[in-house]
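Presented below is the structure to which this report refers.
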Number of protein chains: 2
Amino acid sequence: MTAPERRNTLRWVKLLNLDHVAIAVENLDRAIEGYRNRYRVEPLYRERVDEQGVVEAMIPVGGSFVQLLEPLGGETPVGRFLSKHGEGLHHVAYAVSSIEAALEHLKGEGARLIDETPRVGGRGARIAFVHPGDLAGTLIELVELVDG
Amino acid sequence: MTAPERRNTLRWVKLLNLDHVAIAVENLDRAIEGYRNRYRVEPLYRERVDEQGVVEAMIPVGGSFVQLLEPLGGETPVGRFLSKHGEGLHHVAYAVSSIEAALEHLKGEGARLIDETPRVGGRGARIAFVHPGDLAGTLIELVELVDG
(Lines give C-alpha, C1' and ligand atoms only; values in the text may rest on other atoms or scores of the structure.)
Protein backbone atom coordinates (compact mmCIF):
# COMPACT_ATOMS: atom_id res chain seq x y z
CA MET A 1 0.00 0.00 0.00
CA THR A 2 1.40 3.41 -0.93
CA ALA A 3 1.46 6.24 1.57
CA PRO A 4 -1.45 8.14 -0.06
CA GLU A 5 -3.51 4.94 -0.14
CA ARG A 6 -2.82 4.35 3.53
CA ARG A 7 -3.87 7.90 4.38
CA ASN A 8 -7.14 7.39 2.51
CA THR A 9 -7.84 4.15 4.31
CA LEU A 10 -7.23 5.76 7.67
CA ARG A 11 -9.54 8.63 6.79
CA TRP A 12 -12.33 6.31 5.67
CA VAL A 13 -12.16 4.11 8.74
CA LYS A 14 -12.71 7.10 10.99
CA LEU A 15 -15.98 6.93 12.91
CA LEU A 16 -17.99 10.04 12.00
CA ASN A 17 -20.72 9.77 14.58
CA LEU A 18 -22.54 7.58 17.05
CA ASP A 19 -25.42 7.21 14.61
CA HIS A 20 -27.82 5.35 16.88
CA VAL A 21 -28.24 3.06 19.82
CA ALA A 22 -30.79 0.33 19.17
CA ILE A 23 -33.21 -1.08 21.74
CA ALA A 24 -35.20 -4.28 21.19
CA VAL A 25 -38.81 -3.88 22.34
CA GLU A 26 -41.87 -6.14 22.44
CA ASN A 27 -44.28 -3.45 21.34
CA LEU A 28 -43.18 -0.44 19.34
CA ASP A 29 -46.22 1.75 20.09
CA ARG A 30 -45.86 1.20 23.81
CA ALA A 31 -42.13 2.01 23.72
CA ILE A 32 -42.76 5.18 21.69
CA GLU A 33 -45.44 6.20 24.18
CA GLY A 34 -43.01 5.56 27.03
CA TYR A 35 -40.31 7.75 25.47
CA ARG A 36 -42.94 10.44 24.80
CA ASN A 37 -44.20 10.49 28.39
CA ARG A 38 -40.90 10.06 30.15
CA TYR A 39 -38.55 12.11 27.96
CA ARG A 40 -40.71 14.32 25.71
CA VAL A 41 -39.22 12.95 22.51
CA GLU A 42 -40.94 11.77 19.34
CA PRO A 43 -39.90 9.52 16.47
CA LEU A 44 -38.89 11.32 13.30
CA TYR A 45 -40.21 8.35 11.34
CA ARG A 46 -41.11 4.67 11.41
CA GLU A 47 -39.96 2.17 8.87
CA ARG A 48 -40.51 -1.50 8.18
CA VAL A 49 -37.23 -3.19 7.18
CA ASP A 50 -38.18 -6.64 5.92
CA GLU A 51 -34.63 -7.76 5.31
CA GLN A 52 -33.89 -7.35 9.02
CA GLY A 53 -37.28 -8.58 10.17
CA VAL A 54 -38.14 -5.44 12.12
CA VAL A 55 -40.28 -2.39 12.22
CA GLU A 56 -38.24 0.46 13.64
CA ALA A 57 -38.80 3.96 14.97
CA MET A 58 -36.02 6.53 14.94
CA ILE A 59 -36.11 9.09 17.75
CA PRO A 60 -33.67 11.99 17.30
CA VAL A 61 -31.68 12.87 20.44
CA GLY A 62 -29.07 15.55 19.77
CA GLY A 63 -27.07 14.48 16.72
CA SER A 64 -27.92 10.77 17.17
CA PHE A 65 -30.97 8.54 17.22
CA VAL A 66 -32.52 6.14 19.66
CA GLN A 67 -33.73 3.29 17.44
CA LEU A 68 -36.60 1.21 18.79
CA LEU A 69 -36.83 -2.22 17.14
CA GLU A 70 -39.89 -4.47 17.22
CA PRO A 71 -39.41 -7.84 15.51
CA LEU A 72 -41.78 -8.92 12.75
CA GLY A 73 -41.84 -12.43 14.25
CA GLY A 74 -40.20 -14.76 16.75
CA GLU A 75 -37.85 -16.31 14.18
CA THR A 76 -36.03 -13.09 13.38
CA PRO A 77 -32.74 -11.97 14.96
CA VAL A 78 -34.50 -9.41 17.17
CA GLY A 79 -37.29 -11.89 17.98
CA ARG A 80 -34.70 -14.42 19.16
CA PHE A 81 -32.90 -11.71 21.14
CA LEU A 82 -36.15 -10.85 22.95
CA SER A 83 -36.85 -14.52 23.76
CA LYS A 84 -33.40 -14.91 25.25
CA HIS A 85 -32.75 -11.54 26.93
CA GLY A 86 -36.03 -9.65 27.07
CA GLU A 87 -36.22 -6.00 26.11
CA GLY A 88 -33.06 -3.95 26.20
CA LEU A 89 -30.03 -2.56 24.45
CA HIS A 90 -29.40 -4.49 21.23
CA HIS A 91 -26.61 -2.80 19.27
CA VAL A 92 -24.75 0.43 18.66
CA ALA A 93 -24.24 1.95 15.22
CA TYR A 94 -21.32 4.07 14.08
CA ALA A 95 -21.46 6.19 10.92
CA VAL A 96 -18.52 5.79 8.55
CA SER A 97 -17.83 7.63 5.32
CA SER A 98 -16.97 4.48 3.32
CA ILE A 99 -18.32 1.16 4.44
CA GLU A 100 -16.15 -0.72 1.92
CA ALA A 101 -13.01 0.87 3.33
CA ALA A 102 -14.14 0.12 6.87
CA LEU A 103 -14.86 -3.54 6.05
CA GLU A 104 -11.56 -3.82 4.22
CA HIS A 105 -9.72 -2.49 7.25
CA LEU A 106 -11.63 -4.78 9.63
CA LYS A 107 -10.87 -7.82 7.48
CA GLY A 108 -7.20 -6.87 7.55
CA GLU A 109 -7.42 -6.75 11.35
CA GLY A 110 -8.96 -10.23 11.43
CA ALA A 111 -12.24 -8.90 12.84
CA ARG A 112 -15.18 -11.28 13.18
CA LEU A 113 -17.77 -9.91 10.76
CA ILE A 114 -21.42 -10.82 10.32
CA ASP A 115 -21.53 -9.07 6.93
CA GLU A 116 -18.52 -9.41 4.65
CA THR A 117 -20.16 -7.05 2.17
CA PRO A 118 -22.56 -4.13 2.72
CA ARG A 119 -26.32 -4.56 2.60
CA VAL A 120 -29.16 -2.07 2.65
CA GLY A 121 -30.74 -1.08 5.98
CA GLY A 122 -33.22 1.53 7.16
CA ARG A 123 -33.08 4.99 5.51
CA GLY A 124 -31.63 3.26 2.43
CA ALA A 125 -28.27 3.34 4.21
CA ARG A 126 -25.56 0.84 3.39
CA ILE A 127 -24.81 -1.13 6.53
CA ALA A 128 -22.77 -4.04 7.86
CA PHE A 129 -22.75 -5.75 11.25
CA VAL A 130 -19.69 -6.76 13.25
CA HIS A 131 -20.16 -9.82 15.50
CA PRO A 132 -20.44 -9.16 19.25
CA GLY A 133 -17.68 -11.73 19.73
CA ASP A 134 -15.28 -9.38 17.99
CA LEU A 135 -14.97 -6.59 20.56
CA ALA A 136 -16.32 -6.05 24.06
CA GLY A 137 -19.40 -8.25 23.59
CA THR A 138 -21.02 -5.55 21.49
CA LEU A 139 -23.00 -6.02 18.30
CA ILE A 140 -21.76 -3.10 16.17
CA GLU A 141 -23.46 -1.78 13.05
CA LEU A 142 -21.49 0.32 10.59
CA VAL A 143 -23.65 2.76 8.62
CA GLU A 144 -22.79 4.68 5.50
CA LEU A 145 -25.54 7.22 5.07
CA VAL A 146 -26.72 7.94 1.53
CA ASP A 147 -26.37 11.72 1.84
CA GLY A 148 -23.16 11.44 3.87
CA MET B 1 -48.56 24.98 37.70
CA THR B 2 -48.75 28.19 35.68
CA ALA B 3 -48.29 28.14 31.94
CA PRO B 4 -44.78 29.69 32.05
CA GLU B 5 -43.73 27.14 34.69
CA ARG B 6 -45.03 24.29 32.55
CA ARG B 7 -43.12 25.59 29.55
CA ASN B 8 -39.96 25.70 31.63
CA THR B 9 -40.46 22.15 32.85
CA LEU B 10 -40.96 20.92 29.32
CA ARG B 11 -37.82 22.69 28.20
CA TRP B 12 -35.77 21.24 31.04
CA VAL B 13 -36.94 17.72 30.46
CA LYS B 14 -35.81 17.89 26.85
CA LEU B 15 -32.99 15.48 26.04
CA LEU B 16 -30.08 17.56 24.75
CA ASN B 17 -27.88 14.80 23.48
CA LEU B 18 -27.08 11.11 23.49
CA ASP B 19 -24.16 11.74 25.82
CA HIS B 20 -22.71 8.25 25.83
CA VAL B 21 -23.33 4.57 25.42
CA ALA B 22 -21.62 2.51 28.11
CA ILE B 23 -20.04 -0.90 27.59
CA ALA B 24 -19.01 -3.18 30.46
CA VAL B 25 -15.61 -4.78 29.83
CA GLU B 26 -13.38 -7.20 31.70
CA ASN B 27 -10.16 -5.38 30.88
CA LEU B 28 -10.10 -1.69 30.04
CA ASP B 29 -6.69 -1.68 28.36
CA ARG B 30 -7.65 -4.54 26.09
CA ALA B 31 -10.94 -2.86 25.12
CA ILE B 32 -9.17 0.44 24.40
CA GLU B 33 -6.64 -1.42 22.27
CA GLY B 34 -9.51 -3.11 20.41
CA TYR B 35 -11.21 0.19 19.64
CA ARG B 36 -7.87 1.64 18.55
CA ASN B 37 -7.10 -1.21 16.14
CA ARG B 38 -10.58 -1.75 14.80
CA TYR B 39 -11.93 1.79 14.61
CA ARG B 40 -8.98 4.18 14.91
CA VAL B 41 -10.39 5.97 17.95
CA GLU B 42 -8.71 6.92 21.20
CA PRO B 43 -9.98 7.77 24.68
CA LEU B 44 -10.03 11.45 25.51
CA TYR B 45 -9.37 10.51 29.15
CA ARG B 46 -9.61 7.80 31.78
CA GLU B 47 -11.12 8.27 35.19
CA ARG B 48 -11.58 6.20 38.31
CA VAL B 49 -15.05 6.75 39.79
CA ASP B 50 -14.99 5.11 43.21
CA GLU B 51 -18.62 5.83 44.00
CA GLN B 52 -19.65 3.72 41.01
CA GLY B 53 -16.92 1.14 41.48
CA VAL B 54 -15.44 1.56 38.01
CA VAL B 55 -12.54 2.85 36.05
CA GLU B 56 -13.82 4.31 32.81
CA ALA B 57 -12.45 5.51 29.50
CA MET B 58 -14.36 8.00 27.37
CA ILE B 59 -13.86 7.69 23.61
CA PRO B 60 -15.29 10.57 21.59
CA VAL B 61 -17.29 9.54 18.52
CA GLY B 62 -18.92 12.50 16.79
CA GLY B 63 -20.75 14.51 19.44
CA SER B 64 -21.08 11.55 21.83
CA PHE B 65 -18.84 9.18 23.74
CA VAL B 66 -18.35 5.45 23.91
CA GLN B 67 -17.76 4.81 27.61
CA LEU B 68 -15.79 1.68 28.48
CA LEU B 69 -16.36 0.52 32.07
CA GLU B 70 -14.12 -1.88 33.97
CA PRO B 71 -15.33 -2.75 37.47
CA LEU B 72 -13.05 -2.21 40.47
CA GLY B 73 -14.20 -5.57 41.85
CA GLY B 74 -16.74 -8.36 41.54
CA GLU B 75 -19.11 -6.92 44.14
CA THR B 76 -19.81 -3.72 42.23
CA PRO B 77 -22.80 -3.14 39.94
CA VAL B 78 -20.67 -3.51 36.80
CA GLY B 79 -18.84 -6.51 38.31
CA ARG B 80 -22.18 -8.25 38.93
CA PHE B 81 -23.34 -7.32 35.43
CA LEU B 82 -20.23 -8.99 33.95
CA SER B 83 -20.72 -12.13 36.05
CA LYS B 84 -24.30 -12.44 34.84
CA HIS B 85 -24.14 -11.23 31.22
CA GLY B 86 -20.50 -11.04 30.19
CA GLU B 87 -19.14 -8.05 28.34
CA GLY B 88 -21.56 -5.86 26.44
CA LEU B 89 -23.83 -2.84 26.33
CA HIS B 90 -24.58 -1.67 29.87
CA HIS B 91 -26.50 1.62 29.73
CA VAL B 92 -27.27 4.67 27.65
CA ALA B 93 -26.88 8.23 28.94
CA TYR B 94 -28.89 11.26 27.89
CA ALA B 95 -27.77 14.81 28.63
CA VAL B 96 -30.38 17.07 30.22
CA SER B 97 -30.12 20.75 31.11
CA SER B 98 -31.60 20.34 34.61
CA ILE B 99 -31.41 17.00 36.33
CA GLU B 100 -33.72 18.17 39.15
CA ALA B 101 -36.42 19.13 36.65
CA ALA B 102 -36.00 15.82 34.82
CA LEU B 103 -36.26 13.81 38.07
CA GLU B 104 -39.27 15.87 39.17
CA HIS B 105 -40.99 15.14 35.88
CA LEU B 106 -40.13 11.42 36.02
CA LYS B 107 -41.45 11.16 39.60
CA GLY B 108 -44.67 12.79 38.42
CA GLU B 109 -44.90 10.15 35.71
CA GLY B 110 -44.44 7.36 38.27
CA ALA B 111 -41.12 6.31 36.75
CA ARG B 112 -39.05 3.67 38.54
CA LEU B 113 -35.91 5.51 39.59
CA ILE B 114 -32.66 4.17 41.00
CA ASP B 115 -31.62 7.64 42.17
CA GLU B 116 -34.29 9.90 43.63
CA THR B 117 -31.76 12.70 43.92
CA PRO B 118 -28.71 13.52 41.78
CA ARG B 119 -25.26 12.23 42.64
CA VAL B 120 -21.84 12.99 41.19
CA GLY B 121 -20.46 10.85 38.36
CA GLY B 122 -17.50 11.01 35.99
CA ARG B 123 -16.42 14.43 34.70
CA GLY B 124 -17.91 15.91 37.89
CA ALA B 125 -21.30 15.69 36.20
CA ARG B 126 -24.50 15.43 38.20
CA ILE B 127 -26.16 12.15 37.27
CA ALA B 128 -29.11 9.92 38.13
CA PHE B 129 -30.04 6.43 36.95
CA VAL B 130 -33.48 5.25 35.88
CA HIS B 131 -34.20 1.56 36.50
CA PRO B 132 -34.19 -0.74 33.44
CA GLY B 133 -37.61 -1.94 34.55
CA ASP B 134 -39.01 1.48 33.83
CA LEU B 135 -38.79 1.61 30.04
CA ALA B 136 -37.79 -0.88 27.36
CA GLY B 137 -35.45 -2.89 29.61
CA THR B 138 -32.88 -0.12 29.39
CA LEU B 139 -30.74 1.25 32.20
CA ILE B 140 -30.80 4.99 31.50
CA GLU B 141 -28.44 7.55 32.98
CA LEU B 142 -29.38 11.21 32.99
CA VAL B 143 -26.41 13.56 32.93
CA GLU B 144 -26.27 17.26 33.68
CA LEU B 145 -22.86 18.39 32.53
CA VAL B 146 -21.09 20.99 34.65
CA ASP B 147 -20.39 23.32 31.74
CA GLY B 148 -23.73 22.61 30.08
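Here is the naming used below: chain letters follow the sequence lines, and residue numbers restart at 1 for every chain. A quick note: this is a predicted structure, and the numbers were derived from the prediction, not measured.
B/L18 touches chain A through backbone and side chain together, each having a heavy atom under 4.5 Å away. Proximity to chain B is limited to the side chain of A/L106, based on heavy atoms less than 4.5 angstrom apart. Contacts between B/D134 and chain A at a heavy-atom distance below 4.5 Å involve backbone atoms as well as side-chain atoms. Proximity to chain A (any heavy atom under 4.5 Å) is shown, for B/H85, by neither the backbone nor the side chain. Within the 4.5 angstrom heavy-atom criterion, only backbone atoms of A/H90 (N, CA, C, O) approach chain B. Looking at B/L139, neither its backbone nor its side chain comes within 4.5 Å of chain A, counting heavy atoms on both sides.
Contact tally against chain B (heavy-atom pairs below 4.5 Å) for A/S64, A/A136, A/G34: the top residue is A/A136. When each of B/V21, B/N37, B/V92 is checked for heavy-atom pairs under 4.5 Å with chain A, B/N37 comes out on top. The choice from B/P132, B/G63, B/A111, B/A31 that makes the most heavy-atom pairs within less than 4.5 Å of chain A is B/A111.
Criterion: ILVMFWY side-chain heavy atoms under 4.5 Å apart, direct or through other members. Under it, A/L68 and A/V54 are not part of a common hydrophobic cluster. By the rule that hydrophobic residues join a cluster once side-chain heavy atoms approach within less than 4.5 Å of another member, A/V96 and A/L113 end up as members of one cluster. A/V25 and A/L82 are members of different hydrophobic clusters when ILVMFWY side chains are connected at heavy-atom separations under 4.5 Å. Under the 4.5 Å side-chain heavy-atom criterion for ILVMFWY residues, no single connected hydrophobic cluster contains both A/V130 and A/F81. B/L69 is not connected to B/I140 by any chain of hydrophobic side-chain contacts under 4.5 Å among Ile, Leu, Val, Met, Phe, Trp and Tyr, and they are in different clusters.
Summarising the geometry, atom CZ belonging to A/R36 is positioned 11.5 Å from atom CD belonging to B/E109; distances are rounded to the nearest 0.5 Å.
Checked by atom type and distance alone, the side chain of B/R38 never pairs as donor or acceptor with a backbone atom of A/L135 at under 3.5 Å.
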Take B/L142 and A/Y39 through the side-chain contact (heavy atoms from CB on, under 4.5 Å) test and state the conclusion after the steps.
CA-CA 11 Å; B/L142 300 174; A/Y39 300 108; 4.0 Å; yes

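Residue pairs meeting the ring-ring contact (aromatic ring centres under 6.0 Å, His included) criterion with at least one partner in residues 112-143 of chain A, sequence neighbours excluded, are A/H91-A/F129.
Heavy atoms of other residues, nucleotides or ligands lying less than 6.0 angstrom from CD of B/E100 number more than 12.
Shown are B/V66, B/I59, B/V41; of these, the side-chain contact (heavy atoms from CB on, under 4.5 Å) with A/L15 is made only by B/V41.
Annotation for B/M58: hydrophobic cluster partners, listed by chain and number, are B/L44, B/Y45, B/F65 (ILVMFWY side-chain heavy atoms under 4.5 Å, direct or chained).
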